[in-house]
A.B. asks: 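Have a look at this one before I ask anything.
Everything numeric in this text was worked out from a predicted model, so none of it was measured.
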Amino acid sequence: MVNGEGLLWSLPADGSAAPQLIPLEGVPELNNDHVLAPDGKDIFLSGNDGHLYRASLAGGPGQRITDAANWMHFLHGVSPDGATLAYVGLEPGRWDAGTLWTIRADGGPSTALTSGPGADDGPEYHPAGDWIYFNTERYGHAQIARIRPNGTAMEQLTHDARVNWFPHFAPDGSRAVYLSYPPGTEGHPADRLVELRLVEGDDWHAARTIVELPGGQGTINVNSWSPDGTRFAYVDYPLAG
């Protein structure tokens, strides 16, 4: 699944056909935060209106999940049982103050996992469901960390000078990939020479670079691993000239 021009598309993994539009009803223009439901039939979406939605991959009417006014919801993770979503919550205009939250996939009140200074982003459940992995600036600049789904036991995992974002686990939990900006990067700008780094098992200190490319936040914003965990998809942004 890919997004483009605020719409949702399907694209064969082997690139053998052109993208096909998935027509949705009652869903606003989308941003690039979308996550497949574990059943493989539905998809959870972030709308440009700041709300989260659920829709069928076959298209048709979408269901709005969130209802909090004056609050931006940016989806990144779904629990292995499909019952709970993990998202970044922001006040409009406060792009440097994201905190982590969860909400039931069928709606209802949200639960805060983090608070206080240091922006958090990219929360994603481990396939075992026992941790939520994310990136945070609570340690000076963006580093990978994890927290229990009940908001306890936060733990820093990367400890280097690079600016690390968006950890994504393979379906069997055996490896993870994340986006790494050059040292000193602030925010998550586009058109930088970034690295995609692979972690085997839980050895975050031994992450290795598997590709270097021009990109940014959109390079690997949400989980894109293949079901067998042998490949993942990413977006390259070639620079003119």
A.B. asks: Who passes ring pair (Phe, Tyr, Trp, His ring centres under 6.0 Å) against Phe166, sequence neighbours left out?
C.D. replies: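 His76.
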A.B. asks: Judged by modelled atom types alone, do Glu124 and Asn223 share a side-chain donor-acceptor pair under 3.5 Å?
C.D. replies: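 There is such a pair between these side chains.
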A.B. asks: From Asn135 CG over to Thr158 OG1, what is the distance, rounded to the nearest 0.5 angstrom?
C.D. replies: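 Output value for this atom pair is 9.0 Å.
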A.B. asks: For the residue pair Ala170 and Pro127, what are the closest heavy atoms and their distance?
C.D. replies: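 For Ala170 versus Pro127, the nearest heavy atoms are O-CG, 3.3 Å.
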A.B. asks: Go through the steps for Asp106 and Ile65 under the test side-chain contact (heavy atoms from CB on, under 4.5 Å), then give the verdict.
C.D. replies: CA-CA 6 Å; Asp106 57 1; Ile65 297 170; over 6 Å; no
A.B. asks: Please name the pair of heavy atoms, one in Leu100 and one in Asp121, separated by the smallest distance, quoted to 0.1 Å.
C.D. replies: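 Closest pair (atom of Leu100, atom of Asp121, distance): CD2-N, 4.1 Å.
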A.B. asks: Does any non-hydrogen side-chain atom of Asn221 lie less than 4.5 Å from one of Asp33?
C.D. replies: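 With C-beta onward as the side chain, the pair touches.
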A.B. asks: Just by modelled atom types, is the Arg104 backbone N or O under 3.5 Å from a matching donor or acceptor in the Thr84 side chain?
C.D. replies: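 Between the backbone of Arg104 and the side chain of Thr84 there is no qualifying donor-acceptor contact (under 3.5 Å).
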A.B. asks: Nearest 0.5 Å, what's the OG1-OH distance between Thr219 and Tyr234?
C.D. replies: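 That separation rounds to 9.5 Å.
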A.B. asks: Can you find a pair of side-chain heavy atoms, one from Asp81 and one from Pro38, that are under 4.5 Å apart?
C.D. replies: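 Not in contact.
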A.B. asks: Side-chain contact, heavy-atom cut-off 4.5 Å: Thr152 with Ile147?
C.D. replies: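 Answer no - side chains too far apart.
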A.B. asks: To the nearest 0.5 angstrom, please state how far the OG atom of Ser115 sits from the CG atom of Asp120.
C.D. replies: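 Between atom OG of Ser115 and atom CG of Asp120 there are 9.0 Å.
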A.B. asks: Can a salt bridge be assigned to the pair Asp39 and Lys41 using a cut-off of 4.0 Å between side-chain N and carboxylate O?
C.D. replies: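 Answer for the salt bridge query: no.
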A.B. asks: Donor-acceptor pair, distance only, cut-off 3.5 Å: does the side chain of Ser46 make one with the backbone of Leu75?
C.D. replies: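 Confirmed, Ser46 side chain pairs with Leu75 backbone.
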A.B. asks: Would you check if Asn48 and Pro28 make a side-chain contact, meaning some heavy-atom pair closer than 4.5 Å?
C.D. replies: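 They are not in side-chain contact.
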A.B. asks: Check for me, please, whether Tyr87 and Leu30 land in the same ILVMFWY cluster - side-chain distances under 4.5 Å, paths through other members count.
C.D. replies: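 No, no single cluster joins them.
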A.B. asks: Do the side chains of Arg138 and Met154 get nearer than 4.5 Å, heavy atoms only?
C.D. replies: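 Answer yes - side chains close enough.
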A.B. asks: Suppose we screen for ring pair (Phe, Tyr, Trp, His ring centres under 6.0 Å). Which residues come up paired with His51, at least two apart in sequence or across chains?
C.D. replies: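 For His51, the residues satisfying ring pair (Phe, Tyr, Trp, His ring centres under 6.0 Å) (neighbours in sequence not counted) are His73.
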A.B. asks: Suppose clustering is done on Ile, Leu, Val, Met, Phe, Trp and Tyr with side-chain heavy atoms closer than 4.5 Å. Which residues sit in the same group as Val235?
C.D. replies: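 Besides Val235, the hydrophobic cluster comprises Tyr237, listed by chain and residue number.
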A.B. asks: Counting C-beta onward and ignoring hydrogens, is there a side-chain heavy-atom pair between Val163 and Pro182 closer than 4.5 Å?
C.D. replies: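 No, side chains not in contact.
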A.B. asks: side-chain contact (heavy atoms from CB on, under 4.5 Å) between Ile43 and Leu8: does it pass, once the steps are laid out?
C.D. replies: CA-CA 10 Å; Ile43 189 167; Leu8 184 67; 3.9 Å; yes
A.B. asks: Is it the case that more than 12 heavy atoms not belonging to Gln156 sit under 6.0 Å from its CD atom?
C.D. replies: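 Correct, the count exceeds 12.
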A.B. asks: Does the ring centre of Phe169 sit less than 6.0 Å away from the ring centre of Tyr133?
C.D. replies: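 Between Phe169 and Tyr133, which both carry aromatic rings, the centre distance is below 6.0 Å.
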A.B. asks: What is the distance from atom CZ of Arg54 to atom CZ of Phe44, rounded to the nearest 0.5 Å?
C.D. replies: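 Answer for the CZ-CZ pair, Arg54 versus Phe44, is 3.5 Å.
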A.B. asks: So do Trp225 and Phe232 actually touch side chain to side chain, heavy atoms under 4.5 Å?
C.D. replies: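 Yes. Closest side-chain heavy atoms under 4.5 Å.
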A.B. asks: I'd like to check the side chain to side chain contact (heavy atoms under 4.5 Å, CB included) partners of Thr111; sequence neighbours left out, ordered by chain and number.
C.D. replies: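 Residues passing side chain to side chain contact (heavy atoms under 4.5 Å, CB included) with Thr111: Thr102.
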A.B. asks: Kindly give the heavy-atom pair with the smallest separation between Leu90 and Phe74, and that separation in Å.
C.D. replies: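 Minimum heavy-atom contact is CD1-CE1, 3.5 Å.
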A.B. asks: Establish, for the pair Arg148 and Trp131, whether the NZ or CZ atom is under 6.0 angstrom from the six-membered ring centre and no further than 45 degrees off its axis.
C.D. replies: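 Yes, a cation-pi geometry.
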A.B. asks: Do Gln217 and Tyr181 have side chains that get closer than 4.5 Å, going by heavy atoms?
C.D. replies: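 They are in contact (side-chain heavy atoms under 4.5 Å apart), so the answer is yes.
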A.B. asks: Can you give me the closest heavy-atom contact between Asn164 and Ser180, atom names plus distance?
C.D. replies: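 Smallest heavy-atom distance, with atoms named: OD1-OG, 2.9 Å.
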A.B. asks: Can Leu196 and Leu179 be said to form a side-chain contact (heavy atoms from CB on, under 4.5 Å), step by step?
C.D. replies: CA-CA 5 Å; Leu196 295 179; Leu179 174 71; 4.0 Å; yes
A.B. asks: Working to the nearest 0.5 angstrom, can you tell me the gap between Ile220 CD1 and His168 NE2?
C.D. replies: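 Ile220 atom CD1 to His168 atom NE2 measures 4.5 Å (nearest 0.5 Å).
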A.B. asks: Measure across Pro123 and Ile132 and return the closest heavy-atom pair with its distance rounded to 0.1 Å.
C.D. replies: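 Heavy-atom minimum between the residues: CB-CG2, 3.7 Å.
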A.B. asks: Just how far is it from atom CD of Gln143 to atom NE2 of His159, taken to the nearest 0.5 Å?
C.D. replies: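 Separation between the atoms: 7.5 Å.
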A.B. asks: According to side chain to side chain donor-acceptor pair (under 3.5 Å), does anything in residues 20-29 pair up with another residue at least two apart or in another chain? List the pairs.
C.D. replies: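 Found none.
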A.B. asks: Side chains of residues 203-214: which donor-acceptor pairs under 3.5 Å do they make with residues two or more places apart or in other chains?
C.D. replies:
| residue | atom | partner | partner atom | Å |
| --- | --- | --- | --- | --- |
| Trp204 | NE1 | Asp202 | OD1 | 3.1 |
| Thr209 | OG1 | Glu195 | OE1 | 2.7 |
| Thr209 | OG1 | Arg197 | NE | 3.3 |

A.B. asks: Answer yes or no: is there a donor N or O on one side and an acceptor on the other, between the side chain of Ser56 and the main chain of Ala58, under 3.5 Å?
C.D. replies: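 Checking the backbone N and O of Ala58 against the side chain of Ser56, a donor-acceptor pair under 3.5 Å is found.
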A.B. asks: side-chain contact (heavy atoms from CB on, under 4.5 Å) for Thr185 and Arg192? Distances and angles first, verdict last.
C.D. replies: CA-CA 9 Å; Thr185 303; Arg192 294 292 181 92; 3.6 Å; yes
A.B. asks: Can you give me the closest heavy-atom contact between Ala55 and Leu24, atom names plus distance?
C.D. replies: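 Heavy atoms only, the tightest pair is CB-CD2, 3.7 Å.
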